[in-house]
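FYI, the numbering just counts along the sequence from 1. Because only heavy atoms are used, hydrogens play no part in the values below, and waters and symmetry mates are left out as well, while side chains stay in.
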Amino acid sequence: MNTSKVLIIGAGPCGLMTAVELTRRGVAVTVVDAEEEGATGSRAVLLWPYSLELFDGLGLRAEADKRGLAVQALSYHTAPGTVLRLPLDSHHAPLVLPQQDTGELLEEELRRLGGTVERGLRVTGLVTGPDSVTATARRADGTEVVLMADWLVGADGHHSTVREKLGIVFPGEQVPTSFLIAEGPLEGAFDTDSVNYYLGRTGVMLIAPLPGGKARISGTLNAGDTVVTPETAQRMLDERGPGGLRFTEVTLVSVFTSSERVANTFRAGRCFLVGDAAHVHTPTGGQGLNLGFADVRNLAWKLAGVIEGRYAPEILDSYDAERRAAAEQTVAATSRMTRNAVLGPVALVVRNTLMSLAHRTGVLARQLVPMLAGWQVRYPDALGLAGQKTPKGLPAPGSRSPAWPLEPDPDPIGRFQLVSMGPADGTMSRRGRELAEEESALVTHRHRTTAGSGFVLLRPDGYVAAAGRETDFVPLVRALKRILPTPTLER
């Protein structure tokens with residue numbers, strides 16, 4: 001029998017990220033995976049800034065940058081010779097990193113921290129109780145293993161056994177469109193600093209640079225293309241691309257379909273779902289792995305805090321409410337983008353005309369880029385800290401903004417960060433400092449010298465928990481009592 005604080009089922013990127021995030025906080029984890037070997041191949045390749053912040057916090061960003069490829073722009077080719085180029089700053093630029101490299105980096109870090117992945121264990125049963133979770137698993141030779149833990153995280157993908165054993169419904173539908181994906185070295189000129197979208201009359205196609213001098217193309221398949229070959233990929237490149245591009249070698253060619261589904265709950269007692277076990281959607285915009293990493297970031301600080309006795313167990317209720325809201329927003333956005341990619345000839349002309357207008361006015365950059373980068377995801381006030389209406393000029397609770405970063409990011413303990421505002425020696429500066437001194441395990445403090453007086457409370461995952469004037473501070477401190485294991489705050 002194997003026992004641990006947290007049992008993680010699935011050793012893909014989301015399972016490994018969960019294991020690393022918890023292990024570095026001192027939480028003992030067990031990671032098992034049904035496959036004998038780790039997954040190979042490029043698969044999900046775009047890591048948007050919110051995911052890259054996790055790599056920063058783990059000290060893995062330099063190695064990720066070394067293995068990956070920086071993207072400097074998104075380029076939309078709406079007609080021959082017409083390119084709508086959207087430059088990307090550091091707050092919005094993704095890194096192209098093949099999923100195999102992502103998994104290797106995380107598993108190497110887990111080993112460095114003293115953890116391992118036990119492979120070749122397929123979960124066959126799951127029993128949840130008021131204080132623990134017990135899973136049974138079977139090896140390829142038929143040997144049965146019993147795994148016990150206080151908590152369980154299901155990171156076992158679209159066809160999640162954990163989700164099935166918990167009886168969690170996975171509503172949604174299959175997307176009728178099939179996609180081709182092909183990779184290999186490309187001969188000819190294209191913008192290798194950009195993710196390129198070709199939105200022509202013959203169909204939509206993506207060309208993205210990959211590390212090692214390769215490129216990926218992807219596009220919706222024509223109705224008659226049920227079997228794809230390297231010739232199918234070259235034909236799509238010729239018909240939808242800029243011309244003059246040729247695969248010198250096709251190292252991967254495949255067809256795939258997708259679904260749009262969100263589990264009806266991401267939590268069942270002591271069990272949680274993350275990544276594709278909780279939600280799936282079309283690959284448009286490269287959001288899938290990033291959505292899963294955001295699940296992990298939301299869950300890890302809460303679960304570690306509860307295990308360490310820093311937060312009340314009730315804080316874990318917010319995981320389902322917040323991450324289902326994020327998943328539903330993302331699925332809706334990617335669904336719209338996918339529908340826009342398969343328009344008829346007349347609607348296509350209208351779309352491209354509107355995109356050109358939005359580009360000239362700056363609307364395209366202001367709306368599309370932050371959405372893809374993850375800045376527009378909003379959480380409900382599941383923690384109950386937001387209070388009254390947010391004063392004008394302060395960030396809304398449940399939002400994230402590059403103007404309000406965590407410093408440092410992340411806090412190694414996983415505390416809230418209070419940013420007070422006002423005169424350097426004013427009331428807010430003093431009260432913020434006092435709160436951080438008295439509740440050092442809960443809150444850190446920094447001050448911004450401003451004319452007006454107020455505060456912004458940032459969560460350990462970077463989202464805004466609350467923002468208000470000086471008069472809102474006492475109600476905020478009272479509200480914080482609800483996430484503490486005992487009511488230690490008094491004002």
Side-chain angles (χ1 to χ4, degrees), residues 45-49 68-96 179-211 213-220 233-248 282-287 333-334 336-376:
V45 298
L46 278 183
L47 294 178
W48 290 98
L69 189 67
V71 174
Q72 298 181 9
L74 304 176
S75 295
Y76 294 86
H77 304 254
T78 56
T82 302
V83 183
L84 314 180
R85 195 171 194 272
L86 306 178
L88 302 172
D89 60 23
S90 61
H91 295 301
H92 299 91
L95 179 72
V96 176
F179 298 85
L180 172 141
I181 184 171
E183 295 176 359
L186 274 185
E187 185 179 77
F190 72 102
D191 188 350
T192 56
D193 291 331
S194 294
V195 176
N196 299 273
Y197 297 89
Y198 293 87
L199 312 176
R201 292 178 179 272
T202 55
V204 172
M205 183 181 67
L206 169 146
I207 302 181
L210 294 176
K214 294 183 179 182
R216 168 183 287 186
I217 76 164
S218 182
T220 55
Q234 184 62 52
R235 185 168 63 251
M236 178 177 287
L237 192 58
D238 294 339
E239 292 175 352
R240 305 183 190 182
L245 294 178
R246 184 177 68 85
F247 277 113
T248 58
T282 68
T284 309
Q287 299 296 301
T334 57
R336 287 193 299 270
M337 288 189 288
T338 302
R339 290 197 302 271
N340 286 335
V342 292
L343 296 173
V346 175
L348 181 147
V349 172
V350 173
R351 178 201 63 196
N352 288 356
T353 300
L354 291 174
M355 285 186 67
S356 296
L357 177 61
H359 182 252
R360 288 197 300 272
T361 60
V363 172
L364 191 64
R366 290 195 301 271
Q367 293 186 356
L368 180 63
V369 172
M371 184 272 290
L372 291 172
W375 293 107
Q376 292 184 352

Does [X] reach the side chain of [Y], with side-chain heavy atoms less than 4.5 Å apart?
X      : Y      : answer
Leu245 : Gln234 : no
Arg240 : Thr220 : yes
His359 : Leu86  : yes
Pro94  : Leu372 : no
Leu186 : Leu237 : yes
Leu210 : Val96  : yes

* Structure fact -> residues 72-89 vs salt bridge (Lys or Arg N to Asp or Glu O under 4.0 Å), sequence neighbours excluded, gives Arg85-Asp191
* Structure fact -> ring pair (Phe, Tyr, Trp, His ring centres under 6.0 Å) filter on Phe247, not counting sequence neighbours, yields none
* To do: Taking ring pair (Phe, Tyr, Trp, His ring centres under 6.0 Å) as the test, write out the residues that go with Phe190, two or more places apart.
  => none
* Partners meeting salt bridge (charged side-chain N to carboxylate O under 4.0 Å, His left out) with Asp238 (sequence neighbours left out) -> none
* With Glu187, which residues qualify under salt bridge (charged side-chain N to carboxylate O under 4.0 Å, His left out), at least two apart? -> Arg246
All side chain to side chain donor-acceptor pair (under 3.5 Å) counterparts of [X], not counting sequence neighbours:
X      : value
Glu183 : Ser42, Arg216
Arg351 : none
Gln367 : none
Arg339 : Ser335

* Taking the side chain from Ser218 and the backbone from Leu180, do they hold a donor-acceptor pair closer than 3.5 Å? -> yes
* Structure fact -> Residues passing the side chain to side chain contact (heavy atoms under 4.5 Å, CB included) test with Pro87, sequence neighbours excluded, are none
* To do: Under the side chain to side chain contact (heavy atoms under 4.5 Å, CB included) rule, collect the residues that match up with Thr284, sequence neighbours excluded.
  => Thr282, Met337, Thr338
Of all the heavy-atom pairs spanning [X] and [Y], show the shortest one and how long it is.
X      : Y      : result
Pro370 : Ala365 : CD-O, 3.2 Å
His91  : Trp375 : O-NE1, 2.7 Å
Gln287 : Trp48  : NE2-NE1, 3.4 Å

In a table with atom names and distances, give each donor-acceptor pair under 3.5 Å that connects a side chain of residues 68-80 to protein atoms at least two apart or in another chain.
| from | atom 1 | to | atom 2 | distance (Å) |
| --- | --- | --- | --- | --- |
| Ser75 | OG | Ser194 | OG | 3.1 |
| His77 | NE2 | Asn196 | OD1 | 3.1 |

* **Separation between CG of Leu357 and CG of Asn352, rounded to the nearest 0.5 Å** => 12.5 Å
